[in-house]
Amino acid sequence: MDVDENVYVDEKAFTDMAASKKRRKKVLGITLTTLLMLIIAAYFVMVYITTKRFNPGTMIDGKDMSFKTLDEASDLITADYAGYKIKVKYKDGEGIITGDDVKLRVDVSNSLKDIMNAQNPYLWFRFDKRQEYTTEKVITFSEDMVDVVMQDEERLNPASMKKPENPKVVLDDDEFVAVPGDEGTEIDLKKFRTALEKHLTVMDKEFDADAEGCYITPSLTVDSSSVRECVDRANDILHAEVFYLYGETKVPVVTSEDIADMMSIDKMYRITLDRDKIDILLQEFAKTHDTYYRERNFRAHDGKIVKIPATEYGWEINLDGEASRVYNDIVSGISVAREPEFNHKGYAYSVGSNGLVNDIGDSFAEVDLTNQRVYLYVNGSEVLATDCVSGKVTAGMSTPGGLYQINIHQRGAILRGGEEPVPVDYWMRFVRGIGFHDATWRYAFGGNIYYANGSHGCVNLPYESARTMFNNTEIGTPVVCYWRE
């Protein structure tokens, strides 16, 4: 290819272009160097800053602490605990204790320092990696102020506390049962303080003194052996009824209601019976059931009521001896049916629908002195009705009226009371030297013979009547003698 020799080449332009290009490279180099120096300077500035502040992206207790100083972080964390208070629950209400009351303080400074010291300031730029921490809090409070707070709380004043009570054994309907006693409000102050301080140390919001066993509890429960034994023993005694046997008649003396009234149980679960009440009970029983030496109404053979004077006949219990025996019967814990200790005994015993005691029974001899007639009943049936001759009135030997018992029942006897001894075949004495007997020397009975020609007090009977009387009576058979008004 041929070169046009006429083309102009500006060599200077080429030289200037090269110089310009060179200058641009230099400026670029300086710029890059300067930028690098700035970056390095900024890096070290941040290194310096993060030696006294937390690295960016630092989360402590859920709070962003980026570039925060120790004091700032501390203030931010402790601000959450300002106004702290704990609710104290008692059996009978609630109380509030504030942090200020006990000068409670939360210190996280050492924990924050440890966190900051653990961070590498040269890696401050790793803010894209979130760093999460939890502080260890040091909680302090004034023990002296805890004392003040407890002293100001009325529920913690020993004088205001009610001591706990052990279970009580009480009568419920017809059974003794154990019921819990009043648990009271007495607090173990040492245990309470220990529990309170434990809750303050971790800044709990609630403290239930009862749930944490700060209250002093009864020493016994309804399931304690001594309580159960007392209940069982009390119920055994309660149902230990006592019955008296009057012959074949069973009479209640002490019922469960009576025992409940006289029984008491103390705090030591000791059971006692009121002996005075036992005495009173027996005295009342005797008023109703004793018949000894009492005037009484008697329905005679003709259906009429005659009055029988008081005589030494009937039932009478020995109150002094029976009080101790009944006491022992009750404490035995079993039902007892026995004959009581009697001062005197009747022949029979039954209680009618009217509540009155019949101590004569259905087998007895009836002497109508006014009409000079004798009747004998055996098991309610009349087996003898005969005339008689009683004591001589004109000589002051009238047969006495009253209720008696045959006390001598003798076949063949010599009676001595008159001028000469008198032999009889059937002799049935019922009071002093007076009794029934055959009188073979008499040819007539009944009428007014007794008035001027009566006996020395005995009831004279025809021979066959005396034999019938003898064969149908025994020692103890009642004899009812009466004068009609």
Side-chain angles (χ1 to χ4, degrees), residues 246-249 289 291-315 344-391 399-411 424-432 434-439 445-447 450 455 457-485:
Y246 286 77
E248 296 180 357
T249 302
H289 297 82
T291 62
Y292 181 75
Y293 211 82
R294 289 189 182 179
E295 185 181 81
R296 65 196 69 209
N297 293 323
F298 175 75
R299 187 176 296 279
H301 63 279
D302 56 5
K304 294 181 179 180
I305 301 296
V306 295
K307 192 167 292 291
I308 307 298
T311 53
E312 294 181 350
Y313 175 90
W315 300 93
H344 302 278
K345 289 185 179 182
Y347 185 72
Y349 191 97
S350 63
V351 180
S353 58
N354 58 1
L356 297 179
V357 174
N358 176 5
D359 61 352
I360 298 175
D362 296 327
S363 297
F364 58 89
E366 177 185 341
V367 183
D368 183 344
L369 295 168
T370 302
N371 295 307
Q372 293 291 286
R373 293 281 290 175
V374 172
Y375 303 89
L376 178 63
Y377 294 88
V378 176
N379 297 324
S381 297
E382 182 183 288
V383 298
L384 176 66
T386 183
D387 291 332
C388 69
V389 176
S390 64
T399 304
L403 177 58
Y404 310 104
Q405 287 178 280
I406 293 176
N407 50 53
I408 292 180
H409 195 263
Q410 184 177 340
R411 182 75 167 82
V424 297
D425 286 344
Y426 304 104
W427 171 234
M428 295 151 279
R429 190 184 72 177
F430 55 81
V431 59
R432 298 190 297 275
I434 300 172
F436 299 109
H437 62 77
D438 52 290
F445 295 86
Y450 73 100
S455 69
C458 289
V459 178
N460 294 173
L461 298 174
Y463 187 85
E464 290 300 323
S465 296
R467 182 167 63 180
T468 300
M469 174 72 74
F470 187 86
N471 290 336
N472 290 279
T473 57
E474 61 185 358
I475 297 290
T477 298
V479 178
V480 185
C481 300
Y482 58 85
W483 295 93
R484 293 181 184 267
E485 296 180 355

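Quick caveat: nothing in here was measured; it's all calculated off a predicted structure.
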Hey, are D425 and Y463 close enough side-chain-wise for a donor-acceptor pair under 3.5 Å?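 The criterion, which ignores hydrogens and geometry beyond distance, is satisfied for D425 and Y463.
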How about [X] and [Y]: do any of their side-chain heavy atoms sit closer than 4.5 Å?
X    : Y    : value
C481 : F430 : yes
V357 : Y349 : yes
Y313 : D359 : yes
R296 : T291 : yes
P462 : T386 : yes
Y347 : F364 : no
L403 : I360 : yes
V367 : S390 : no

How many angstroms lie between atom [atom1] of [X] and atom [atom2] of [Y], to the nearest 0.5 angstrom?
X    : Y    : atom1 : atom2 : answer
Q410 : H437 : CD    : NE2   : 12.5 Å
L384 : E464 : CG    : CD    : 11.0 Å
I406 : T473 : CD1   : OG1   : 4.0 Å
S363 : N379 : OG    : CG    : 4.0 Å

Would you say E382 has more than 12 foreign heavy atoms packed within less than 6.0 Å of its CD?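 Enclosed.
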Partner of V389 by side-chain contact (heavy atoms from CB on, under 4.5 Å), out of L461, N460, T399: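 It is N460; the other options fail the test.
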If the test is side-chain contact (heavy atoms from CB on, under 4.5 Å), which one of T311, V480, T477 qualifies with Y404?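 With Y404 as partner, side-chain contact (heavy atoms from CB on, under 4.5 Å) holds for just one option, T311.
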For this output row, return yes or no: ring centroids of F436 and Y426 closer than 6.0 angstrom.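 When the ring centroids of F436 and Y426 are compared, they turn out to be at least 6.0 Å apart.
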Charged N to carboxylate O under 4.0 angstrom, D302 versus R484?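 Yes, D302 and R484 are salt-bridged.
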Check: K307 main-chain N/O paired with E295 side-chain donor or acceptor under 3.5 Å: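 Such a contact is absent between E295 side chain and K307 backbone.
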